Amino acid sequence: MDIDEPPIPFLDLKAQQARLGPGLRARIDAVMAHGQFILGPEVAELEQQLASFCGAAHCIGVSSGTDALQIAMMAEGIGPGDAVFLPAFTYTATAEVPLLLGATPVFVDIDPATFQIDPDHLERRIEAATQRGLRPRAIIGVDLFGQPAPWPALRAIAARHDLFTLDDCAQSFGAALDGARLGHAATATAVSFFPSKPLGAYGDGGALFTEDPARAALYRSLRSHGEGATRYDVQRIGMNGRLDTMQAAVLLAKLAVFEAELARREAIARAYDTGLAPFVTVPARVAGSASAWAIYAVLFADQAARTQAQAALQRRGVPSAIYYPKPLHHQPAYAGAHDGARLPVSEDVATRIMALPLHPDLSDAQVARVIGAFEGLGLHAAR
């Protein structure tokens with residue numbers, strides 16, 4: 001039966017803004033008062049607080065998560081002839097940056113339960129890339145949907161093959177693995193503050209984390225046109241990749257309540273786990289992890305069941321989204337880079353996955369309504 005109620009918001013930034021109230025406004029007003037809109041004092045303050053939050057030695061604020069990935073790879077000199085290994089089931093930014101630098105993205109299949117990159121398949125893809133005449137240079141592990149990639153296994157593989165490790169933590173700042181926040185699981189960590197992320201700005205923004213002071217200094221130079229000791233001391237080719245002061249101010253206000261928001265996301269995820277388990281396959285937890293729950297994605301028995309359920313839920317005022325409808329190796333932009341290998345898990349998951357509303361301002365009543373909307377749809381979780 002369709003429900004005559006207002007639709008549930010998939011993301012509710014207006015509710016969050018109202019909750020943050022005067023603290024958010026004070027941060028924004030302070031920037032307007034001092035007028036330092038580029039690399040103002042809030043940027044350095046945010047960098048210090050972010051590093052402290054996740055336990056990293058260095059944090060460098062940048063203009064987006066995509067630019068964070070590019071700066072990290074530019075610093076390593078990655079370019080033509082180099083192979084960069086990354087999961088096929090992720091957002092395009094992870095793969096487009098290697099191509100922009102002239103390198104070749106090599107797509108790796110995923111674990112069918114956690115949707116994270118499959119270390120066993122990664123080993124086979126490294127061998128295949130070498131046989132193609134490419135130089136293996138880097139592994140980008142994506143912490144998908146808020147959960148950590150299998151970093152102990154990825155680091156071991158990187159050590160065997162002498163590869164740079166880059167953590168694409170765009171969706172998962174705040175997540176933890178084996179008791180440690182993400183931010184130093186790889187040689188460099190790239191984070192996005194796109195508005196829909198668990199810690200989101202009111203525009204684009206990102207950050208890089210590293211334990212290496214030399215890399216931190218190089219990242220700061222590259223984000224500001226390759227400058228050295230002064231603005232007009234140009235040491236290298238860089239980019240315009242600075243984090244705006246206004247976005248830093250917004251993020252400082254949000255960081256003050258971030259721990260509480262992560263706890264609320266976890267509570268909603270657990271409620272969904274219990275209530276939705278009879279109908280769909282609920283997300284598997286990465287062992288030893290705490291998720292940031294950027295996305296709560298369930299699996300249906302097949303694509304037809306997903307299509308029917310999505311339409312029925314929409315009629316009941318429950319929005320949904322499909323992350324991702326097509327794995328990257330099936331996207332036209334990567335046809336020339338991909339070697340034609342089938343990646344069956346990524347291909348299957350793309351036909352059956354669907355994300356549900358999960359944000360810290362989702363009320364208990366709304367959570368119950370999402371769960372209740374699945375009743376009577378004739379769904380049964382795969383066993």
Side-chain angles (χ1 to χ4, degrees), residues 66-111 115-144 149-168 170 185-190 208 210 212 215 218-219 222 236-239 324 326-350:
T66 305
D67 287 345
L69 293 171
Q70 181 164 336
I71 289 168
M73 283 189 265
M74 287 173 66
E76 301 302 315
I78 291 172
D82 293 335
V84 178
F85 303 90
L86 54 103
F89 195 70
T90 186
Y91 185 59
T92 185
T94 314
E96 75 180 351
V97 170
L99 272 181
L100 285 170
L101 296 177
T104 301
V106 178
F107 298 111
V108 182
D109 215 347
I110 57 172
D111 181 282
F115 314 140
Q116 306 295 332
I117 190 170
D118 180 351
D120 292 335
H121 192 242
L122 172 59
E123 286 276 23
R124 299 196 295 273
R125 296 297 281 153
I126 292 172
E127 181 180 354
T130 302
Q131 292 174 352
R132 290 169 63 190
L134 296 171
R135 293 185 301 272
R137 283 291 310 277
I139 299 169
I140 305 179
V142 177
D143 307 310
L144 196 72
W151 281 109
L154 297 183
R155 287 193 297 266
I157 293 170
R160 284 195 295 275
H161 297 278
D162 192 25
L163 303 177
F164 170 66
T165 55
L166 176 56
D167 183 357
D168 184 345
T187 305
T189 296
L208 274 163
T210 184
D212 182 354
R215 281 189 169 89
L218 184 52
Y219 297 163
L222 289 169
R236 56 190 57 85
I237 301 301
M239 61 189 294
Y324 297 96
K326 192 184 291 187
L328 291 182
H329 66 293
H330 282 179
Q331 293 286 1
Y334 302 109
H338 185 51
D339 61 359
R342 283 205 61 225
L343 307 176
V345 180
S346 298
E347 293 161 13
D348 172 62
V349 167

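Hydrogens, waters and symmetry mates play no part in the numbers below; they use all other heavy atoms, side chains included. Since we're looking at a predicted model, the values are computed, not measured.
Rounding to the nearest 0.5 angstrom, the gap separating the CD atom in E76 from the CG atom in L163 is 11.5 Å.
Under a 3.5 Å cut-off, the side chain of R236 and the backbone N or O of L222 do not form any donor-acceptor pair. Remark: side-chain polar atoms of H338 are paired, donor with acceptor, to backbone N or O of A341 under 3.5 angstrom. A side-chain donor-acceptor contact under 3.5 Å links D143 to the backbone of A149.
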Residue pair V142, I117: steps toward the side-chain contact (heavy atoms from CB on, under 4.5 Å) verdict:
CA-CA 7 Å; V142 177; I117 190 170; over 6 Å; no

Trace of the side-chain contact (heavy atoms from CB on, under 4.5 Å) decision for T66 with E96:
CA-CA 9 Å; T66 305; E96 75 180 351; 3.8 Å; yes

- Would you please test K326 and E347 for salt bridge (charged side-chain N to carboxylate O under 4.0 Å, His left out) and show each step? CA-CA 7 Å; K326 192 184 291 187; E347 293 161 13; over 6 Å; no

Exercise for review: Could you walk me through whether V349 and F115 pass side-chain contact (heavy atoms from CB on, under 4.5 Å), step by step?
Suggested key: CA-CA 8 Å; V349 167; F115 314 140; 4.1 Å; yes

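Remark: aromatic rings of H329 and Y334 are distant, center separation not under 6.0 Å.
Considering only heavy atoms from C-beta on, P98 comes within 4.5 Å of M73 through its side chain. Inter-residue side-chain proximity for E123 and H161 is flagged as met; some heavy-atom pair is nearer than 4.5 Å. Side chains of T92 and Q331 form no contact here, defined as non-hydrogen atoms less than 4.5 Å apart. Residues L154 and F85 fail the side-chain proximity criterion, which asks for heavy atoms closer than 4.5 Å. With contacts defined as side-chain heavy-atom distances shorter than 4.5 Å, the pair P87/I110 qualifies.
Closest approach of I157 to P119, counting heavy atoms only: CD1-O, 3.5 Å. Of all the heavy atoms in T104 and A337, the pair that sits closest is CG2-O, 3.9 Å.
Note on R125 versus D339: salt bridge recorded, some NZ/NE/NH1/NH2 to OD/OE distance being below 4.0 Å.
For OH of Y91, the number of neighbouring non-hydrogen atoms (other residues, nucleotides, ligands) closer than 6.0 Å is 12 at most.
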